[in-house]
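Following: one structure in structure tokens, then a few remarks.
This chain uses plain numbering: 1 for the first residue, then up along the sequence. None of the values given here were measured: they were computed from a predicted structure.
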Amino acid sequence: MLDPDGLRGVQSMRRALILAVSAAIAIKIPALFGVAFDPDASLFYPLNISFFTLPFVAAYFVWERSISGVARLLLAATFALAAGVVNAFPFLSASANAPAQTHALAMLHLPFAMWFVVGVAFTAGRWRGSDRRMDFIRFTGEFFVHFVLVALGGGVLVALTFALFQAIGLDAGSLIRDWIVPCGIAGAAVIVTWLVDSKQGAAQNMAPVLARIFTPLFVLVLLSFIVTMAGAGRSIDARREILIAINLLLIVVSGLLLYVISARDPLAPPGLFDWLALSLVTSALLVDFIALGSIGARISQLGFTPNRLAALGLNLVLLVNLAACAIVYAAFIRRRQPFVRLCAWQMDYLAVIAGWAAIVVFAFPALFGFV
């Protein structure tokens with residue numbers, strides 16, 4: 001006989017398996033209508049991958065938590081409405097390999113916007129509580145780490161599958177491309193969700209370790225970049241690829257900062273690691289200022305485009321967050337503010353980040369004529 005906790009664990013695993021299989025089936029339904037899982041042939045899957053994974057992740061939390069019927073309907077309606085709107089947009093793509101700027105921006109920002117909908121399901125509809133939002137940030141970090149590990153294992157599986165079929169003179173390329181990869185992505189999202197959610201104690205132990213490993217490394221990278229750039233008398237290249245790379249770096253640093261805050265004991269006094277975290281914030285803030293100058297120069301020379309406005313908006317969103325975090329963190333280290341003040345700011349600012357992602361996805365296409 002299983003104890004109550006063991007029985008709940010088995011039930012959760014069964015629910016996760018059911019949802020994982022359902023996600024794998026759902027992602028293959030478009031193939032019945034001739035839509036291939038091939039971004040070189042069609043941009044359907046790059047745009048819609050969120051709707052073949054995240055609703056099933058949200059469904060797992062709906063199944064596991066006590067969520068009202070109204071909240072369930074709102075979650076389902078949100079996913080359905082978002083899917084209907086983005087697929088109704090008449091993007092003026094030149095070809096599958098050259099999507100419209102607003103099309104590409106929608107593909108990049110849609111997963112972030114929809115992930116916050118998953119957060120509502122995670123918090124059982126009680127998104128306003130800072131503690132639950134902080135738990136969601138911890139879950140997000142652990143989900144990312146575990147998904148990468150599962151993806152690496154999946155890569156080994158794909159390589160072995162290809163080698164085995166090749167050994168008997170058969171090409172498994174179509175099997176891998178059309179079945180293993182799409183079904184694996186969809187199913188893995190749910191399985192990783194169950195894995196992290198069912199191992200919350202272990203996840204909380206891993207979070208501080210990861211934060212303490214990567215924070216000093218990112219501080220070294222950012223400070224080295226700033227010092228080298230100042231010593232060489234150079235500025236950031238205003239080319240689009242460089243600015244995208246800088247933005248990705250700032251996003252990763254902002255995510256790491258959230259992870260650092262979520263992993264810290266809010267009642268502990270300031271220590272050496274808090275100085276490292278403050279160094280991370282201030283160095284990222286300096287890089288953001290420099291990037292804003294390069295983006296401003298590019299806009300003044302070439303004018304506004306969807307990509308440039310999206311980059312400008314993202315940098316401003318990050319700038320406000322980093323500046324406020326630097327001020328509050330410094331006040332905490334000087335023992336003039338409690339750490340919970342910084343936590344509350346970060347949790348409240350999540351709405352701004354989600355709102356900006358939603359604006360890029362749903363407003364930019366019409367604003368720029370779907371180009």
Note to self: Parallel, tilted or perpendicular, judged at 30° and 60°: which one describes the rings of Phe91 and Phe370?
What the structure shows: perpendicular
Notebook entry, point to check: Under the side-chain contact (heavy atoms from CB on, under 4.5 Å) criterion, do Phe339 and Val328 qualify, and how do the steps go?
Noted result: CA-CA 8 Å; Phe339 191 78; Val328 179; over 6 Å; no
Notebook entry, point to check: Distance from Asp274 atom CG to Leu342 atom CG, nearest 0.5 Å?
Noted result: 9.5 Å
Checklist line | Interatomic distance, Ile27 atom CD1 to Ser22 atom OG [nearest 0.5 angstrom] | finding: 13.0 Å
Checklist line | Exam field: side chain Arg308 to backbone Gly303, donor-acceptor pair closer than 3.5 Å | finding: yes
Check: Hey, mind stepping through Phe368 and Gln101 against side-chain contact (heavy atoms from CB on, under 4.5 Å) and telling me if it holds?
Finding: CA-CA 9 Å; Phe368 288 95; Gln101 290 187 39; over 6 Å; no
Check: Given the rule in the side-chain contact (heavy atoms from CB on, under 4.5 Å) test, do Phe139 and Phe61 qualify, once you have shown the distances and angles that lead to the verdict?
Finding: CA-CA 12 Å; Phe139 167 79; Phe61 293 122; 3.6 Å; yes
Margin query: Distance check, rounded to the nearest 0.5 Å: Leu258 atom CG versus Met134 atom CE?
Written below: 7.5 Å
Next item on the list: Determine yes or no for a side-chain-to-main-chain donor-acceptor pair under 3.5 angstrom, with Ser198 supplying the side chain and Leu195 the backbone.
Entry: yes
Item checked: Closest approach of Pro266 to Val340 (non-hydrogen atoms, all atoms of both residues) -> CB-CG1, 4.0 Å
Checklist line | Side chains of Trp194 and Ser12, donor plus acceptor under 3.5 Å | finding: no
Item checked: Side-chain (Asp197) to main-chain (Thr193) donor-acceptor, under 3.5 angstrom -> no
Item checked: Geometric class of the Phe214/Phe218 ring pair [parallel <30°, tilted 30-60°, perpendicular >60°] -> tilted
Check: Does Thr228 use its side chain to pair, donor to acceptor, with the backbone of Phe225 at less than 3.5 Å?
Finding: no
Notebook entry, point to check: Can you name the nearest heavy-atom pair linking Pro216 to Leu276, along with the distance?
Noted result: CB-CD1, 4.4 Å
Item checked: Residues Lys28, Asp178: salt bridge by 4.0 Å N-O rule -> no
Check: Taking it one step at a time, do Phe56 and Trp63 satisfy ring pair (Phe, Tyr, Trp, His ring centres under 6.0 Å)?
Finding: CA-CA 10 Å; Phe56 296 94; Trp63 208 343; over 10 Å; no
Checklist line | Within the 6.0 Å centroid threshold, strictly below: Trp115 and Phe136 | finding: yes
Margin query: Show, in sequence, the C-alpha distance, side-chain angles and deciding distance for Thr215 and Tyr259, and conclude whether the side-chain contact (heavy atoms from CB on, under 4.5 Å) test is met.
Written below: CA-CA 10 Å; Thr215 296; Tyr259 207 37; over 6 Å; no
